[in-house]
Amino acid sequence: MNTRVRFAPSPTGYLHIGSARTALFNYLYSHHTGGKFLLRIEDTDLARSTEESTRSILDGLAWLELNHDEEIVFQSDNADKHRATALKLLEEGKAYRDFTPKAAPSDANVKDAIKDRARAAQGEKNMRDNPYRDLSTDEGDARAAAGEPFAIRMKVAETGKTSFEDAVYGLQERDYAETEDLVLLRSDGHPLYNLAVVCDDIEMAITHVIRGQDHLTNAHKQVLIYEALGVTPPTFAHLPLIMAPNKGKLSKRKHGEVVSMRTYRDAGFLAVAFRNFLALLGWSAGEEREIYSLDELVQKFSLDGIHRSNAIFNFTENDPRRWTDDKAQWMNAEYIRTMPVAELLPFVKAELKGAKLWREEYEPEGRALTESISSTADAGADERPAVVAIDTPEHGSYDWFVQTINLIRQRFFTLKDFSSQGRAYFSEDYDFDPAAIEKNLNKFPDLKTWLPELADRFEAEFADEDAQACASARAIHSTFTEENIVRVVKAFTEEKGTKLGAIMNGARTLLTGVAVGPSMLAVFETLGKERSILRLRSKIAWNP
RNA sequence: GUCCGGUUCGUCUAGGGGUUAGGACACCGCCCUUUCACGGCGGCAACACGGGUUCAAAUCCCGUACCGGAUACCA
């Protein structure tokens with residue numbers, strides 16, 4: 001049997017973290033089993049469903065690259081079929097008309113009202129005491145014909161129980177006495193959730209229903225409908241819930257943006273990283289490992305690995321550094337600094353474009369960013385290269401760009417960092433971090449004259465650079481290399497009787513605007529002689 | 001209230017009769033280093049509680065506590 005699963009969100013808001021994980025698990029399971037991953041928009045609650053929500057959910061899924069097979073099903077399109085099914089059940093005596101007038105909606109919190117009602121009815125409540133349950137067909141027909149409104153309810157048997165084997169939670173049993181005669185069709189003819197879900201799942205030939213654990217009791221009601229319809233229910237697999245740090249419900253209303261997929265996209269997260277993080281929330285392959293490619297997740301995913309206990313999505317409100325889960329942030333940083341640079345480049349390009357820092361020279365004609373990169377750029381990990389580059393890529397060239405990204409990504413956490421912290425590498429117009437100025441410049445007043453002097457020294461020492469012939473169109477044979485720079489700076493430092501660190505940190509602040517970054521020698525070389533000199537002479541940082 | 005489910009470091013988790021209870025994030029320390037949020041090494045830190053069963057229980061059983069979910073003419 002070919003596996004067919006579906007992700008079935010109701011479009012009442014953006015795609016949030018819990019739904020995203022449900023979608024992911026469905027996707028992983030379908031791909032693992034070689035089946036289909038379908039998408040159904042459960043828009044039967046007309047009052048709350050919006051097109052904007054649908055778009056937002058689709059956007060979120062697209063960002064996470066959880067592409068569905070087959071066409072999207074909109075549940076509201078099937079309302080007629082749902083109604084027909086309810087009528088069929090009515091005809092077969094498996095459901096009945098309930099002429100009880102619809103109760104006025106409570107103005108208090110709905111959940112609380114329901115809880116209070118349930119508590120109050122405790123002990124005396126018999127789920128089968130509806131006076132219309134055994135109304136004769138004739139009388140029912142007559143009242144219906146007279147135009148009296150009625151809801152259609154499922155006629156749940158007096159004794160017995162529903163049971164099913166949940167792929168995550170095991171055998172689930174529920175006595176009929178615990179299940180009310182659920183409404184299938186509202187008195188205004190509107191089909192309700194449980195009916196609609198069952199009809200659509202049958203129609204879509206769904207084999208596995210993978211969804212949040214909050215649907216566990218709905219599964220019993222749905223089993224009842226499947227049985228009445230004479231259809232074998234699909235396999236259910238309920239997922240543990242994702243909770244807020246206080247173990248409470250993670251809600252859009254209460255926690256806002258932190259639960260929205262869009263937030264992560266906009267904050268410079270890599271979908272591949274966030275997906276990886278999500279996969280490990282409530283599921284484990286049983287190994288001591290955190291980083292998995294999509295293919296690996298697909299290959300290793302199994303329903304057995306899903307947990308039964310809820311997971312907390314950990315974040316601290318009002319703490320800018322901890323605005324979202326630490327591990328999610330780490331995961332993103334890990335991907336940014338270790339993924340093949342060629343895969344990262346397109347994302348950096350988009351980020352720089354958005355910040356108006358992108359230059360076409362970074363991606364010359366016929367040279368796509370994703371093409372495999374020269375060996376030095378892909379080496380990755382060591383950001384303190386001892387190797388002296390003889391042919392330095394010309395500032396602004398493709399090779400320079402790749403090398404620079406590879407250099408600066410080592411300490412970045414999000415894509416945003418390329419245009420904020422990394423701005424000075426791509427523009428002359430960058431800001432200076434006040435704390436960096438205070439720590440690295442103001443504390444050493446001498447630097448105000450020394451740094452411009454160092455610029456003079458560079459100019460004198462590396463005067464021959466431009467005279468050198470270009471080995472290739474993209475590289476200049478330069479003496480402005482780390483090996484030579486360190487020699488000059490060291491000599492300069494000794495001459496001034498100061499510490500190397502003072503000079504380097506001052507220079508870093510002037511050249512990059514921030515106090516952290518790669519090896520300063522690499523920064524000099526990357527920025528090139530001209531820019532380094534220009535910035536060392538700049539007075540902006542001193543008098544912002 | 002009732003029904004259902006859950007409980008291993010702060011968080012994500014591995015382990016499921018005999019383990020020094022493992023890993024990751026976070027945190028702390030040391031090293032590297034011109035800085036650093038990179039890297040390396042190390043540290044802190046957990047089986048909810050009480051009874052059983054057993055030679056042996058974090059692991060199996062029962063109970064308690066706590067947490068969560070459900071209990072709509074919402075989805």
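Chain naming here is simple, since letters A, B, ... match the order of the sequence lines and numbering starts at 1 in each. Model, not experiment: these values are computed from the prediction.
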Item to check | P gap between rG52(B) and rU59(B), integer Å | outcome: 14 Å
Checklist outcome for this item: Across every strand shown, the nucleotide meeting Watson-Crick or G-U wobble geometry with rG10(B) (both distances under 3.5 Å) is rC25(B)
Next on the checklist: Does the protein touch nucleotides 23-28 of chain B at the base, only the backbone, or not at all? Give it as B, S and - per nucleotide, heavy atoms under 4.0 Å.
Outcome noted: BBSSS-
Checklist entry - Counting just side-chain N and O atoms, does His307(A) come under 4.0 Å of either OP1 or OP2 of rA14(B)? => result yes
Checklist outcome for this item: Here the distance between atom P of rG39(B) and atom CZ of Arg409(A), to the nearest Å, is 13 Å
Checklist entry - Looking for any heavy atom pair under 4.0 Å, which part of the strands does Leu521(A) touch: base, sugar-phosphate only, or nothing? => result base
Checklist entry - Across all strands, who's sitting opposite rU34(B) as a Watson-Crick or G-U wobble pair, both distances under 3.5 Å? => result none
Next on the checklist: Which residue is it: Phe315(A), Tyr264(A), Phe413(A), Phe313(A)? I am looking for the one with a ring-ring contact (aromatic ring centres under 6.0 Å, His included) to Trp323(A).
Outcome noted: Tyr264(A)
Checklist entry - For Thr50(A), what residues pass the side chain to side chain donor-acceptor pair (under 3.5 Å) criterion, not counting sequence neighbours? => result Ser53(A)
Checklist entry - Does CD belonging to Glu165(A) count more than 12 external heavy atoms closer than 6.0 Å? => result yes
Checklist entry - Under a 4.0 Å N-O cut-off, is there an ion pair linking Arg40(A) with Glu203(A)? => result no
Got a list of protein N/O to nucleotides 57-62 of chain B N/O distances below 3.5 Å?
none

Next on the checklist: Show the nearest heavy-atom pair for residues Arg322(A) and Gln329(A), with the distance to one decimal.
Outcome noted: CA-NE2, 4.1 Å
Next on the checklist: Hydrogens and angles aside, do Ser19(A) and His16(A) bring a side-chain donor and acceptor to less than 3.5 Å of each other?
Outcome noted: yes
Checklist entry - Salt-bridged, Glu351(A) to Lys416(A), with N to O below 4.0 Å? => result yes
Checklist entry - Rounded to whole angstrom units, what separation is found between the CD1 atom of Ile312(A) and the P atom of rC9(B)? => result 10 Å
Item to check | Rounded interatomic separation in angstrom, taking CG from Asp417(A) and P from rC38(B) | outcome: 13 Å
Next on the checklist: Taking any heavy-atom pair under 4.0 Å as a contact, classify Arg308(A): base, sugar-phosphate, or nothing.
Outcome noted: sugar-phosphate
Next on the checklist: Considering every strand and a 4.0 Å limit on heavy-atom distances, what is the contact class for Gln172(A): base, sugar-phosphate, or nothing?
Outcome noted: sugar-phosphate
Next on the checklist: For Asn194(A) and Gln222(A), which I'm curious about, is there any donor-acceptor pair between the side chains at under 3.5 Å?
Outcome noted: yes
Next on the checklist: Could you tell me the Watson-Crick or G-U partner of rG50(B), where both distances fall under 3.5 Å? Say none if there is no partner.
Outcome noted: rC62(B)
Checklist entry - For atom C1', what is the distance between rG15(B) and rC47(B), given to the nearest Å? => result 11 Å
Do any N or O atoms of the protein come closer than 3.5 Å to N or O atoms of nucleotides 40-43 of chain B, and which pairs are they?
none

Item to check | Arg337(A) CZ - rA37(B) C1' separation (whole Å) | outcome: 8 Å
Checklist entry - When rounded to the nearest Å, what value does the distance between C1' atoms of rC44(B) and rC32(B) take? => result 23 Å
Checklist entry - Using the P atom in both, what is the distance from rC28(B) to rC38(B), to the nearest Å? => result 12 Å
Checklist entry - Taking the side chain as C-beta and beyond, is there a heavy-atom pair between Ile152(A) and Leu87(A) under 4.5 Å? => result yes
Next on the checklist: Can you list, in residue-number order, the parts of residues 276-286 of chain A that come under 4.0 Å of RNA chain B, counting heavy atoms only?
Outcome noted: Leu280(A), Leu281(A), Gly282(A), Ser284(A), Gly286(A)
Checklist entry - For the residue pair Tyr335(A) and Ala273(A), what are the closest heavy atoms and their distance? => result CD1-CB, 3.5 Å
Item to check | Pairing of Glu173(A) and Lys161(A) as salt bridge, 4.0 angstrom limit | outcome: yes
Item to check | Same-atom distance (P) from rC67(B) to rC25(B), integer angstrom | outcome: 32 Å
Checklist entry - Which is true for Lys499(A) with a 4.0 Å heavy-atom rule: it touches a base, it touches only sugar-phosphate, or it touches nothing? => result nothing
Item to check | Within 6.0 angstrom of Lys249(A) NZ, more than 12 heavy atoms from elsewhere | outcome: no
Checklist entry - Between Lys155(A) and Asp181(A), is there a side-chain N and carboxylate O pair less than 4.0 Å apart? => result no
Checklist entry - For Asp188(A) and Arg186(A), what are the C-alpha separation, side-chain angles and deciding distance, and is it a salt bridge (charged side-chain N to carboxylate O under 4.0 Å, His left out)? => result CA-CA 5 Å; Asp188(A) 61 3; Arg186(A) 238 156 50 176; 3.1 Å; yes
Checklist entry - How many angstroms lie between CG in Leu447(A) and CG in Asn440(A), if you round to the nearest 0.5 Å? => result 9.0 Å
Item to check | Between rU33(B) (P) and Lys490(A) (NZ): distance, integer Å | outcome: 10 Å
Next on the checklist: Counting only heavy atoms from other residues, nucleotides and ligands, does the tally under 6.0 Å from CG of Asp431(A) exceed 12?
Outcome noted: no
Checklist entry - In the structure shown, which nucleotide is the Watson-Crick or G-U wobble counterpart of rC3(B), with both distances under 3.5 Å? => result rG69(B)
Item to check | Nearest-angstrom distance, P atom, rU34(B) to rA24(B) | outcome: 29 Å
Checklist entry - Between rC49(B) and rA58(B), how far is it from one P atom to the other, in whole Å? => result 10 Å
Next on the checklist: I need the CG-C1' distance between Asp433(A) and rA37(B), as an integer number of Å.
Outcome noted: 13 Å
Next on the checklist: In whole Å, I'd like the distance from the CE atom of Met339(A) to the C1' atom of rC38(B).
Outcome noted: 18 Å
Next on the checklist: Here's a test of your reading of the structure: between Asn314(A) and Glu173(A), which maps to the more 5' nucleotide of RNA chain B?
Outcome noted: Glu173(A)
Checklist entry - Just how far, in rounded Å, is P of rU13(B) from CE of Met331(A)? => result 11 Å
Checklist outcome for this item: Under a 4.0 Å heavy-atom criterion, the protein footprint on nucleotides 66-75 of chain B, written with B, S and -, is -SSSSBBBBB
Checklist entry - Mind checking whether Asp214(A) and Leu241(A) have side chains closer than 4.5 Å, heavy atoms only? => result yes
Next on the checklist: Using only atom types and a distance under 3.5 Å, with no angle test, would you say the side chain of Arg535(A) pairs donor to acceptor with the backbone of Ala424(A)?
Outcome noted: yes
Item to check | Distance, C1' atom - from rG16(B) to rC31(B), rounded to whole angstrom | outcome: 39 Å
Next on the checklist: Is the distance between the ring centroids of Tyr169(A) and Phe236(A) under 6.0 Å?
Outcome noted: no
